[in-house]
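Just below is one structure, and these are the notes that go with it.
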Amino acid sequence: MSGKSRKIAVCGLLGALALVLTLLEGMLPPIPGLPPGARPGLSNIVTMFAAGSLGLPYALAIALIKGVFAFLTRGVTAGLMSLSGGLMSTLAMWVVWKKTRFSLPFTGVCGALAHNAAQLCIAVFLTGRAALFYIPAMLLLSIVCGLCTGLVLRLLLPLLEKLHLTG
């Protein structure tokens, strides 16, 4: 299999994994005290890995798949939130990890911050400035969840590298 065909196949598998993680995450009960719809961002582990191993176009394709899935299963608002947050976080994680070589936990935090910032922009556009009151909670959530996703990928990366997914 050629290098490009292999990357496309791996991208498809990672996209499916991201969707499964999104579904599983949706089954988690809401955590009291957190803003409505707040989730840990498990599928960001997949897009972060794709950004680092396959490259930005493939990682953005996975974020696009997740956004379209949200449109189809949860409606326009969820689709806009997923698409904006996913694309922005993927771009941020790629820049931080590939261009600056910061740690994966820091990369995860930057991705979570970018994700929530993009979603906040959409929320302000759709509902008004009242959405800005979510900023403190979203900052804290971004740091905690971003650290967790980055740490999980750091733990999984040696195993994933043994699979030679991109070579």
Side-chain angles (χ1 to χ4, degrees), residues 1-29 31 34 37-74 78-79 81-119 138-167:
M1 186 182 291
S2 75
K4 186 170 182 156
S5 297
R6 184 179 182 95
K7 278 188 172 185
I8 291 170
V10 170
C11 182
L13 290 171
L14 291 175
L17 177 60
L19 293 181
V20 168
L21 289 172
T22 298
L23 283 170
L24 291 174
E25 194 173 67
M27 293 179 194
L28 296 175
I31 300 170
L34 292 181
R39 297 175 180 213
L42 299 175
S43 64
N44 285 345
I45 298 166
V46 176
T47 53
M48 193 182 336
F49 173 72
S53 64
L54 298 176
L56 183 60
Y58 295 96
L60 290 172
I62 292 169
L64 184 63
I65 289 167
K66 289 174 17 181
V68 169
F69 181 74
F71 268 111
L72 295 173
T73 59
R74 293 183 284 145
M81 295 289 215
S82 176
L83 197 56
S84 65
L87 293 174
M88 187 60 72
S89 68
T90 301
L91 180 61
M93 290 186 294
W94 178 78
V95 167
V96 172
W97 189 12
K98 296 305 279 184
K99 299 299 181 184
T100 65
R101 299 289 185 186
F102 276 103
S103 70
L104 287 173
F106 183 78
T107 301
V109 169
C110 290
L113 288 168
H115 195 282
N116 287 330
Q119 287 188 329
M138 298 311 281
L139 284 172
L140 179 62
L141 195 62
S142 294
I143 292 167
V144 171
C145 293
L147 276 172
C148 290
T149 58
L151 287 169
V152 167
L153 182 56
R154 188 169 75 185
L155 290 171
L156 292 175
L157 202 53
L159 299 170
L160 293 168
E161 288 172 344
K162 287 182 182 179
L163 295 175
H164 304 289
L165 294 174
T166 59

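In this chain, residues are counted from 1 in sequence order. Not measured: the values here are computed from a predicted model.
- Here the closest non-hydrogen pair linking Val96 and Thr107 is CG1-OG1, 3.5 Å.
- Residues forming a side-chain contact (heavy atoms from CB on, under 4.5 Å) with Leu13 (at least two apart in sequence, or on another chain): none.
- With values rounded to the nearest 0.5 angstrom, Cys145 atom SG is found 8.5 Å from Leu140 atom CG.
- The distance from the SG atom of Cys110 to the CE atom of Met48 is 10.0 Å, given to the nearest 0.5 Å.
- Residues Leu113 and Leu139 are in side-chain contact: their nearest non-hydrogen atoms beyond the backbone lie under 4.5 Å apart.
- Counting all heavy atoms, side chain and backbone alike, Gly111 lies closest to Ser89 at O-CB, 3.0 Å.
- The side-chain contact (heavy atoms from CB on, under 4.5 Å) search around Ala112 returns Ser142, not counting sequence neighbours.
- Atom OG of Ser103 and atom CG of Leu153 lie 11.0 Å apart (nearest 0.5 Å).
- Atom OG of residue Ser82 and atom CG of residue Leu87 lie 8.5 Å apart, to the nearest 0.5 angstrom.
- Sorted by first and then second residue, the side-chain hydrogen bond (donor to acceptor under 3.5 Å, both in side chains) pairs with a member in residues 147-157 form an empty list; sequence neighbours excluded.
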Ignoring hydrogens and angles, write down the donor-acceptor pairs under 3.5 Å from the side chains of residues 56-71, residues two or more places apart or on other chains.
| residue | atom | partner | partner atom | Å |
| --- | --- | --- | --- | --- |
| Lys66 | NZ | Ser43 | OG | 2.9 |
| Lys66 | NZ | Asn44 | OD1 | 3.4 |

Val10/Lys7 under side chain to side chain contact (heavy atoms under 4.5 Å, CB included): CA gap, chis, key distance, verdict: CA-CA 5 Å; Val10 170; Lys7 278 188 172 185; 5.8 Å; no
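- With rounding to the nearest 0.5 angstrom, the CG atom of Asn116 is 9.5 Å from the CE atom of Met81.
- A distance of 10.5 Å separates CG of Leu83 from CD of Gln119, quoted to the nearest 0.5 Å.
- Within the 4.5 Å cutoff, side-chain heavy atoms of Leu14 are placed close to those of Leu54.
- Trp94 has its side chain out of reach of Thr47: every pair of non-hydrogen atoms, C-beta onward, lies at least 4.5 Å apart.
- For Phe106, the ring pair (Phe, Tyr, Trp, His ring centres under 6.0 Å) criterion is met by Phe102, not counting sequence neighbours.
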For a quick test of your reading: what N or O donor-acceptor pairs under 3.5 Å do the side chains of residues 16-28 make, sequence neighbours left out?
| residue | atom | partner | partner atom | Å |
| --- | --- | --- | --- | --- |
| Thr22 | OG1 | Ala18 | O | 2.8 |
| Glu25 | OE2 | Gly41 | N | 2.6 |
| Glu25 | OE2 | Leu42 | N | 2.6 |

